[in-house]
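The structure under discussion appears below in the form of structure tokens.
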Amino acid sequence: MTDRPIGSEFGDGEPVVRDKRRIDPDTGALREQSTTDAPAAGAAPGTPGTPGAQPPRDPSDLIGPSAQEALLTEALAERTADLQRLQAEYVNYKRRVDRDREASRELVIGSVLTELLGILDDVGRAREAGELEGAFKAVAESLERVTEKLGLVKYGEQGDPFDPRIHEALLHNYSDEVDGPTATLVMQPGYRLGERVLRPARVAVSEPTEQLPAEAARADVPVENTDEDQAADKPAE
């Protein structure tokens, strides 16, 4: 049997012996543990999880500067578009909320003012009769100022052109003094709040005589007797 040097199976040179005992056999003292661990067996340098390993590279590091700039430009454009879309949605939402809030406010004010129209009619009749005096006059004028401040508008005057959208015709006749359908008598004034009519003005309407129907015109014009009719009506001698 040929003598082989110790350690020849592991390559040339003497074998390396590492004493990993934590207690020194000679002194009995506790040895300090090394903070540096040897790399795991079979682990190549630079492998994640081993000492000296490098972090994984970003995929963008594998492309050129021009490609990176293109990617950043595209990402910026996408974020800008998202921000603009979000801002537009917020503006539309705010407008819709403001519009709904204003509509609700007008409905509430309109319902309150509608309940006060009867009182305003009484005030108007008292003023026409000359009975609006003293404390009652001060209260009435204060009420009218408050309703005007809330946007209540009174309309309906004699001679106004008749408009079926804001007038309610209670009487109808024909006259030679008008050129078209005209409110010749206001029986009850109308009120509106903005573009909304709270109560139409109740009026009497007159139309020009030339618009009188033919049957009514013939009924109003007296018929003159002809010679034959006069002879027929004359008693026989």
Side-chain angles (χ1 to χ4, degrees), residues 86-225:
L86 181 62
Q87 184 178 7
E89 292 177 355
Y90 172 74
V91 171
N92 293 334
Y93 168 77
K94 188 175 184 302
R95 289 176 179 173
R96 184 168 60 254
V97 170
D98 294 341
R99 185 173 59 251
D100 294 344
R101 184 184 294 113
E102 185 64 22
S104 300
R105 176 178 176 274
E106 290 184 359
L107 287 176
V108 172
I109 294 177
S111 62
V112 174
L113 292 177
T114 301
E115 298 297 328
L116 297 177
L117 296 183
I119 300 176
L120 295 176
D121 290 337
D122 294 337
V123 171
R125 285 189 289 266
R127 181 179 286 111
E128 293 175 357
E131 299 177 356
L132 198 61
E133 299 177 353
F136 179 50
K137 179 179 180 181
V139 173
E141 291 177 349
S142 177
L143 176 63
E144 290 175 341
R145 286 194 299 269
V146 171
T147 55
E148 291 177 0
K149 184 178 180 181
L150 292 175
L152 183 66
V153 177
K154 179 181 177 181
Y155 70 92
E157 299 291 340
Q158 183 176 351
D160 290 346
F162 176 74
D163 187 348
R165 295 172 299 180
I166 61 175
H167 294 117
E168 180 180 350
L170 300 182
L171 296 176
H172 179 267
N173 54 31
Y174 294 90
S175 174
D176 295 331
E177 300 178 356
V178 297
D179 298 329
T182 304
T184 53
L185 178 63
V186 179
M187 301 177 181
Q188 193 175 47
Y191 291 93
R192 65 170 178 263
L193 178 63
E195 299 298 328
R196 177 187 174 192
V197 176
L198 299 182
R199 188 182 72 187
R202 295 181 171 93
V203 298
V205 182
S206 297
E207 292 189 78
T209 306
E210 56 265 20
Q211 297 182 8
L212 190 67
E215 294 80 2
R218 286 196 298 269
D220 293 341
V221 176
V223 180
E224 296 182 358
N225 293 334

Distance-only criterion, 3.5 Å: show the donor-acceptor pairs between side-chain atoms of residues 162-170 and protein atoms not counting sequence neighbours.
{"unit_1": "D163", "atom_1": "OD1", "unit_2": "R165", "atom_2": "N", "d": "3.1"}
{"unit_1": "D163", "atom_1": "OD1", "unit_2": "R165", "atom_2": "NE", "d": "3.2"}
{"unit_1": "D163", "atom_1": "OD2", "unit_2": "R165", "atom_2": "NE", "d": "3.4"}
{"unit_1": "D163", "atom_1": "OD2", "unit_2": "R165", "atom_2": "NH2", "d": "3.0"}
{"unit_1": "H167", "atom_1": "ND1", "unit_2": "D163", "atom_2": "N", "d": "2.9"}
{"unit_1": "H167", "atom_1": "ND1", "unit_2": "D163", "atom_2": "O", "d": "3.3"}
{"unit_1": "E168", "atom_1": "OE1", "unit_2": "R202", "atom_2": "NE", "d": "3.4"}

Not counting sequence neighbours, list each pair that qualifies as a salt bridge (Lys or Arg N to Asp or Glu O under 4.0 Å) and has a residue in residues 142-158. R127-E144

Show the nearest heavy-atom pair for residues P208 and G180, with the distance to one decimal. CG-N, 3.5 Å

Approximate separation, where rounding is to 0.5 Å, of E141 CD and F136 CZ: 10.5 Å

Please output the side-chain donor-acceptor pairs of residues 105-114 that fall under 3.5 Å, not counting sequence neighbours, one pair per line with the distance.
{"unit_1": "S111", "atom_1": "OG", "unit_2": "L107", "atom_2": "O", "d": "3.3"}
{"unit_1": "S111", "atom_1": "OG", "unit_2": "V108", "atom_2": "O", "d": "2.7"}
{"unit_1": "T114", "atom_1": "OG1", "unit_2": "G110", "atom_2": "O", "d": "2.7"}

Of all heavy-atom pairs linking A140 and L132, the shortest is CB-CD1, 3.8 Å

Hydrogens and angles aside, do T184 and S206 bring a side-chain donor and acceptor to less than 3.5 Å of each other? yes

Please work out which of the three classes, parallel, tilted or perpendicular, describes the rings of Y90 and Y93, given edges at 30° and 60°. tilted

Where is the tightest heavy-atom contact between V197 and Y155, given as atom of each residue plus distance? CG1-OH, 3.6 Å

Closest heavy-atom pair, R199 versus P189, reported as atoms and distance to 0.1 Å, is NH2-O, 2.8 Å

Carefully, step by step, assess D98 and R101 under the rule salt bridge (charged side-chain N to carboxylate O under 4.0 Å, His left out). CA-CA 5 Å; D98 294 341; R101 184 184 294 113; 2.9 Å; yes

Could you walk me through whether R96 and D100 pass the salt bridge (charged side-chain N to carboxylate O under 4.0 Å, His left out) check? CA-CA 6 Å; R96 184 168 60 254; D100 294 344; 5.3 Å; no

Testing L152, I119, V153, L117 for side chain to side chain contact (heavy atoms under 4.5 Å, CB included) with T147, which one passes? L152

Whether over 12 other heavy atoms sit under 6.0 Å from E177 CD: no

Salt-bridge test for D121 and R125: reply yes if a basic N is under 4.0 Å from a carboxylate O, no otherwise. no

